[in-house]
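Have a look at the structure below, then the notes.
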Amino acid sequence: MTWPTVLLLVVVATAGFLRWRRPAWYWLTFGVTLAVLRVLVRYGSVMDACGLTVPPSRWRLTLARMTNRPTPESRAPRILRLRPTRTGLVLRLKLRPGQDAFDVAAASDRLRHSFGMYGVTSRELRSSVVEIRMTGYDVLKRVQMPAKIDARPMRVPVALREDGSVHYRDYRAVPHGLTLGATESGKSVYQRNLVAGLAPQHVALVGIDCKQGVELFPLARRFSALADNPDTALELLEALVSHMGDVYQLIRAEQRVSVAVPDAEIAADIWDLPEDLRPVPVVVLVDEVAELALFASKEEEKRRDRIITALVRLAQLGRAAGIYLEICGQRFGSELGKGITMLRAQLTGRTAHRVNDETSANMAFGDIAPDAVLAAIQIPAETRGLAIAGDSTGGWHRIRAPHTSLRQAVNTCNKYADRTPDLPALAAFRPAVAPVPSARVPLSKTAPATA
């Protein structure tokens with residue numbers, strides 16, 4: 001056996017091993033080159049087989065007859081750019097006259113088989129320009145966030161999408177969010193990623209955890225206020241409503257409405273105020289909303305109504321005051337009582353992990369993205385952390401958050417504990433925690449000298 005044959009066998013064996021054990025490494029070493037060649041070689045025939053070609057125009061047919069040339073073939077969309085990425089390929093196409101972006105989306109599954117890729121999704125960038133994102137392997141099986149993240153204020157990378165792009169929780173674009181999921185579905189890990197992403201930013205975190213604080217109180221050093229029971233939660237929410245009123249008074253005082261001030265400089269929310277006057281934004285995390293809505297007596301019913309009323313007010317009016325809601329629960333339907341559906345209507349961002357029934361998926365997506373309901377109920381139990389994320393535009397994505405242990409989240413919160421803002425309106429609810437212990441000093445083997 002000659003050395004070129006041995007080298008070829010080693011390369012083939014290495015590629016097979018990497019594809020089996022390290023698909024990401026295989027893609028970066030061998031897969032991307034093979035995929036580019038497949039796309040370029042098969043492109044014309046695949047587009048024709050998928051019905052993504054258009055017949056030649058009349059002037060081309062006339063020109064061919066006049067010059068006695070063969071009849072021109074059907075034309076496929078023109079490739080504007082083919083860009084390899086760490087997870088797949090990005091193909092940008094210029095559609096021919098008569099083609100529609102929906103035709104490309106409908107052919108996504110056939111393109112996936114024809115090009116030998118793991119997944120294919122498409123979106124329209126602008127008129128007649130479509131971007132096709134192809135993944136070379138299952139990026140959600142072992143989530144690895146890219147090293148380069150587009151970090152901005154109030155914008156947190158929390159998960160990876162099935163097309164290889166990063167899923168951000170952008171509070172300025174989507175102020176309020178709802179996260180649903182059954183027990184052991186991955187809601188807690190998603191919440192930890194959210195808190196860990198917000199910890200380095202200039203933001204006040206407010207938590208309501210009616211499970212006696214077992215989820216949020218380990219992260220208490222980064223929280224400006226915490227409540228671990230419905231009674232304290234009511235007082236905290238009403239204090240937030242009062243704080244919201246104070247912020248609006250500040251905006252009114254600094255609105256700068258005059259003839260000499262351009263429209264772009266007139267303040268309508270906290271982000272239009274000068275940085276030295278801008279109140280700190282507040283993110284309110286509710287760990288289990290059902291514990292705030294359930295009641296067993298008349299007194300608890302009155303408390304429940306006041307809690308839901310405060311939440312609805314914060315959802316309707318809180319955005320301009322820099323107050324954002326992040327509500328989690330196993331179910332979020334009308335069985336929780338009056339006012340719940342009104343609150344859900346204000347929660348634009350929707351994330352659903354594995355649910356136990358179709359009704360729970362309908363609570364999240366039935367009113368905004370019916371197609372996502374089927375995807376949500378098909379999440380297998382063994383893939384914890386897999387979720388469907390959507391918003392009021394009707395678009396949705398499969399996402400999965402990287403696994404973050406409670407210890408990792410606690411270390412992050414302790415690291416940025418000095419950035420925890422002090423809000424006078426919420427001072428009564430500031431968690432009492434011991435100072436972060438200093439580094440341990442190794443003990444000397446010899447006993448200290450005594451006087």
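Side chains are part of it too, since the values below use all heavy atoms of this structure and drop only hydrogens, waters and symmetry mates.
- To the nearest 0.5 angstrom, R398 atom CZ is 7.5 Å from I379 atom CD1.
- For the pair L240/L426, a side-chain contact is recorded, criterion being any heavy-atom separation below 4.5 Å from C-beta on.
- The heavy-atom pair separating V120 from M134 by the smallest distance is CG2-CG, 3.6 Å.
- Side-chain atoms of Q144 and R86, non-hydrogen and from C-beta on, do get closer than 4.5 Å to each other.
- No side-chain heavy atom of Y171 sits less than 4.5 Å from a side-chain heavy atom of V203.
- In this structure, T87 and R133 have side chains that are not in contact, with every pair of non-hydrogen atoms separated by 4.5 Å or more.
- Here the side chains of V32 and L89 are in contact, with some heavy-atom distance below 4.5 Å.
- Between the side chain of T420 and the main chain of R221, a donor-acceptor pair closer than 3.5 Å is present.
- With contacts defined as side-chain heavy-atom distances shorter than 4.5 Å, the pair R78/R96 qualifies.
- When atom types are taken as modelled, the side chain of W396 and the backbone of V373 share no donor-acceptor pair closer than 3.5 angstrom.
- A side-chain donor-acceptor contact under 3.5 Å links D269 to the backbone of D272.
- The minimum heavy-atom distance between L336 and R331, with the atom names listed, is CD1-O, 3.9 Å.
- Side-chain contact between R92 and V129 is present, with at least one heavy-atom pair separated by less than 4.5 Å.
- Formation of a donor-acceptor pair under 3.5 Å by the R222 side chain with backbone atoms of A199 is found in this model.
- Take R81 and apply the side-chain hydrogen bond (donor to acceptor under 3.5 Å, both in side chains) test, not counting sequence neighbours, and it matches no residue.
- Taking the centre and axis of the six-membered ring of Y248, the NZ or CZ atom of R252 falls outside the cone set by 45° and 6.0 Å.
- V195 places a side-chain heavy atom less than 4.5 Å from the side chain of C413.
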